[in-house]
Amino acid sequence: MRILQLHCDYIEFTPIKKEIKSAEEIDPQSKRFEEVVVAFIAVEDGDNPDVAAKAMTEISDSMKKIGCNKLLLYPYAHLSSKLASPSIAMSILKQMEGKANGLEIFRAPFGWTKSYKMQVKGHPLAENSKTITANGDKESTSDALKAESKIQSFWHIMTPDGKMHDVSKFDFSKHQNLEVLAKYEAAKKRSVDEPSPHVKLMKKLAIADYEPASDAGNMRFFPNGRLIKSLIEQYVTDRVTDYGGMEVETPIMYDSHHPSMESYFHRFPARQYNVHSEGKQLFLRFAACFGQFLMAKDFQMSYKNLPLKLYELTRYSFRREQSGELVGLRRLRAFTMPDCHALCKDMPQAKEEFRKRFDLSREVINGLGLDESDFEMAIRFTEDFYNENKQLIEELVRKIGKPVLVEMWKERFFYFVLKWEFNYIDNLGKASALSTDQIDVENGKRYNIEFIDENNKPQNPIILHNSPSGAVERVIYVLLEKAAMDQREGRKPMLPLWLSPTQVRVIPVKPEFLEYCEKLADKISENYVRIDVDDRNESIGKSIRDAEIEWIRYIIVIGEKEVNAKTLSIRDRKTGNVRNLTVDELVKEIKEEIKGKPFMRLNMNRGVSKRPQIMV
RNA sequence: GCCUCGAUAGCUCAGCCUGGUAGAGCGAACGCCUCGUAAGCGUUAGGCCGCGGGAUCGAAUCCCGCUCGAGGCUCCA
């Protein structure tokens, strides 16, 4: 059964003529209803009395929320392409009509062509559609997910001076990306019919691709992609370790009926993958929270141990996002997310820690090659929290130094009272969250995590949830989108040197110089540089071209001249010019540029001729 | 999830409207060339025309369903 539910100021309809033979016998008079909820209903093949009952429960539930008591059931075939037969449809509609649930119910005649006129109200809950099916055990959906659509939010812009501005009155002329984020207006330069640029790049650069044999949104990563991911993962892990995070590893699936799970599940707005095994109903984690909380519950902790920081790089977290929402590396169903929780003894400590993690997140984002101009911040909190903690919130906004989007809730819907995130706005005007942190006042208790306070009393900690970088795949997406933007504006697209699968390529002018090239590559790679050798017998022009297509930063050509000289001819992608440097000068320049970043060795055979072509 | 569009060689695509032997470039294999900063030359191999059904004497081509993808909507830690 499909239902389109509209809260109306009024509806007026007139039966015109019978559409089918079995149409109801009625007096074809116009009718008018005011302050009414109209439910357009298509009864589908397979619908039964249970469906009718369930539909009425759902309708009356939502009507209670909007405070309306008058319901008009309006048969409407056009909502479905697999309608039930008219006789069944009519009987189901009559059953619905009979289940008043305390409502005042009316029904428009079945089987008639009707003309109608209506005015739908303009509030957020006025329009709503439902699909109800017979084998309705379905999978359970998180209550939070359901609640999310009903939350009443107040949107503002906060400027670095701490002032709140009405979103509708704020001047966005200097903050166009923020405007996109605020969705106040659709991005003007949205290119239609154009696939997300990074999708093409992730394939061309042999980073990642869809795996049709898996579920949508589960990607495969080629050697280049695996290397880039590993480096980003290592970088984030290093920074979190510096901050004091202790790395742990927890299971990727959990029993849905474990008592702590069941209730948390309903506080987290996500759809999950379900796995049935030996009579157990397991679900795949959508974050590292479960594992870490269940672990922390078994720790014996004193207030002296707090703040305690647990960190896990989840490979993977799973969220069964709507299929239409999945795009390349931007939105996945299986993704790698660094997730760092801090258990804090009280709100003052939580706030202090929150500040540190804000700085940590900015450092990580900067280290990944993004700066403040690349993202827009959103900050969300409950009204109470804001009133008691204005200073903290204003401090964060001041640090970012530009206006941020504010969402304020009248009451707390989720487990957190404060949350911020950095959002990247891409070439198509899409916003996606990267780093985020939250103050969670609920799960310490739910998971029975306890520490002993100064007075020898057990307490539940406040928990911060931070991902300093956001999903690793999403970081790659952002880097590729930024490169695509460079390309579009006439600059050479590049990856940061520390993330380039090949940093230096050596090309011999003729095969007789190949041995010299190999020795040179040996020498340079000893200095932790990823260098490979084009050992194919191709023309020099062809080899250069291929290296440029791979976005390789340094290209060294070895011929007669170089063999007999102290310096190398190095083509630098950044400038497009050829420079003459000694080996030491080149190594020094590279080391300088990748300072502080992790290193991994080449993840492919050094000889280009030995590699398969990954052409996707 | 909904709407629209798409799927042909490893890759990028033409052919489809108007049904009758499957096409190109790149890549691959082999050979020639031995080359100085973005594509040297030749030969050969390579196709369940996404999958399943239908109408037709006959389908890559027309119709229906499915799968996967793209864009939009909805959604979005």
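Just so we're on the same page: letters track the sequence lines, and every chain starts at 1. For the numbers below, each heavy atom of this structure counts, side chains included, while hydrogens, waters and symmetry mates do not.
- Residue A:Asp546 is classed as having no contact, given no heavy-atom separation below 4.0 Å to the nucleic acid.
- Between A:Glu321 and A:Arg333, none of the side-chain N atoms (NZ, or NE/NH1/NH2) sits under 4.0 Å from a carboxylate O, so this pair counts as no salt bridge.
- Candidate nucleotides B:C73, B:G36, B:C35 were compared by shortest atom distance to the side chain of A:Val557, and B:G36 ranks first.
- No side-chain heavy atom of A:Arg474 sits less than 4.5 Å from a side-chain heavy atom of A:Leu329.
- Of the charged side-chain nitrogens involved, at least one lies within less than 4.0 Å of a carboxylate oxygen, so that A:Arg505 and A:Glu550 count as a salt-bridged pair.
- A heavy-atom distance below 4.5 Å is not found between the side chains of A:Ile41 and A:Leu4.
- Separating the CZ atom of A:Arg545 from the C1' atom of B:C35 is a distance of 17 Å, rounded to the nearest angstrom.
- Looking at A:Asp215, its side chain has no donor and acceptor atom pair within 3.5 Å of the base of B:C68.
- Between A:Lys574 and A:Asp572, none of the side-chain N atoms (NZ, or NE/NH1/NH2) sits under 4.0 Å from a carboxylate O, so this pair counts as no salt bridge.
- Nucleotide B:C66 is matched to B:G50 when pairs are restricted to Watson-Crick or G-U wobble geometry with both distances under 3.5 angstrom.
- Across the strands present, B:U43 finds its partner in B:A29; the criterion is a Watson-Crick or G-U wobble pair with both atom distances under 3.5 angstrom.
- Counting only heavy atoms from C-beta outward, the side chains of A:Arg412 and A:Val417 approach each other to under 4.5 Å.
- Rounded to whole Å, atom P of B:C11 lies 14 Å from atom NZ of A:Lys200.
- Taking the C1' atom of each, B:G58 and B:G71 are spaced 37 Å apart, rounded to whole Å.
- In this structure, A:Thr436 reaches neither bases nor backbone, as no heavy-atom distance under 4.0 Å exists between it and the strands shown.
- Here B:G36 presents its C1' atom at 8 Å from CD of A:Glu562, a figure rounded to the nearest Å.
- Counting non-hydrogen atoms under 4.0 angstrom, A:Gly559 reaches a base of the nucleic acid.
- Remark: A:Ser539 is in phosphate contact with B:G40, judged by side-chain N or O atoms under 4.0 Å from OP1 or OP2.
- For A:Glu321 against B:G1, no side-chain N or O and base N or O form a donor-acceptor pair under 3.5 Å.
- Partner assigned to B:G71 is B:C3, using Watson-Crick or G-U wobble distances below 3.5 angstrom.
- When the C1' atom is compared between B:A45 and B:G31, the two are found 14 Å apart, to the nearest whole Å.
- Atom CD in A:Gln322 sits roughly 6 Å away from atom C1' in B:U74 (whole-Å rounding).
- B:U44 and B:G27: their C1' atoms are spaced 14 Å apart (whole Å).
- Per the geometry, NE2 belonging to A:His198 stands 9 Å off P belonging to B:A70, to the nearest Å.
- Using a 4.0 Å heavy-atom criterion, one finds that A:Glu211 contacts no nucleic acid atom at all.
- For the ring pair (Phe, Tyr, Trp, His ring centres under 6.0 Å) with A:His465, the lone residue among A:Tyr311, A:Phe416, A:Phe293 that qualifies is A:Phe293.
- The P atoms of B:A22 and B:G46 are separated by 14 Å, rounded to the nearest whole Å.
- Looking at the side chain of A:Lys510, the nearest of the listed nucleotides B:U34, B:C73, B:G36 is B:U34.
- Base orientation of B:U44: anti, since the glycosidic angle falls outside 90° of 0.
- Using atom C1' as the reference point in both B:U8 and B:A59, the two lie 14 Å apart (nearest Å).
- Rounded to whole Å, atom P of B:C26 lies 15 Å from atom CZ of A:Arg536.
- Atom-to-atom, CD of A:Glu560 to P of B:G36 comes out at 12 Å; the value is rounded to the nearest Å.
- A close approach under 4.0 Å does not occur between any side-chain nitrogen or oxygen of A:Lys542 and OP1 or OP2 of B:C41.
- The side chain of A:Glu325 lies closest to B:U74, out of B:U74, B:G36, B:A38.
- For A:Ile558 and B:C35, the CD1 to P distance is 16 Å, given to the nearest whole Å.
- As rounded to the nearest Å, B:U61 and B:G15 have P atoms that lie 15 Å from one another.
- Between B:A28 and A:Gln613, a contact under 4.0 Å exists linking OP1 or OP2 to a side-chain N or O.
- Distances from the side chain of A:Lys204 to the nucleotides B:C33, B:C11, B:G71 place B:C11 closest.
- A donor-acceptor contact closer than 3.5 angstrom links the side chains of A:Ser609 and A:Asp535.
- Mapping A:Gly328 and A:Ser323 onto RNA chain B by nearest heavy atom places A:Ser323 at the nucleotide closer to the 5' end.
- If you check B:G36, B:A38, B:G71 against the side chain of A:Ser196, the one that comes closest is B:G71.
- Separating the P atom of B:A38 from that of B:C75 is a span of 50 Å, rounded to the nearest Å.
- Between the C1' atoms of B:G19 and B:A24, the separation comes to 23 Å (whole Å).
- Among the protein residues, A:Glu512 comes within range of no part of the nucleic acid, since none of its heavy atoms lies under 4.0 Å from any strand.
- A:Ser432 comes within 4.0 angstrom of no nucleic acid atom, judged by non-hydrogen atoms across all strands.
- Residues A:Ala216 and A:Lys492 each lie close to RNA chain B; by heavy-atom proximity, the contact nearer the 5' end of the strand is made by A:Lys492.
- Here A:Arg571 does not reach the OP1 or OP2 of B:G36: none of its side-chain N or O atoms lies under 4.0 Å away.
- Across all strands shown, B:C17 forms no Watson-Crick or G-U wobble pair with both distances under 3.5 Å.
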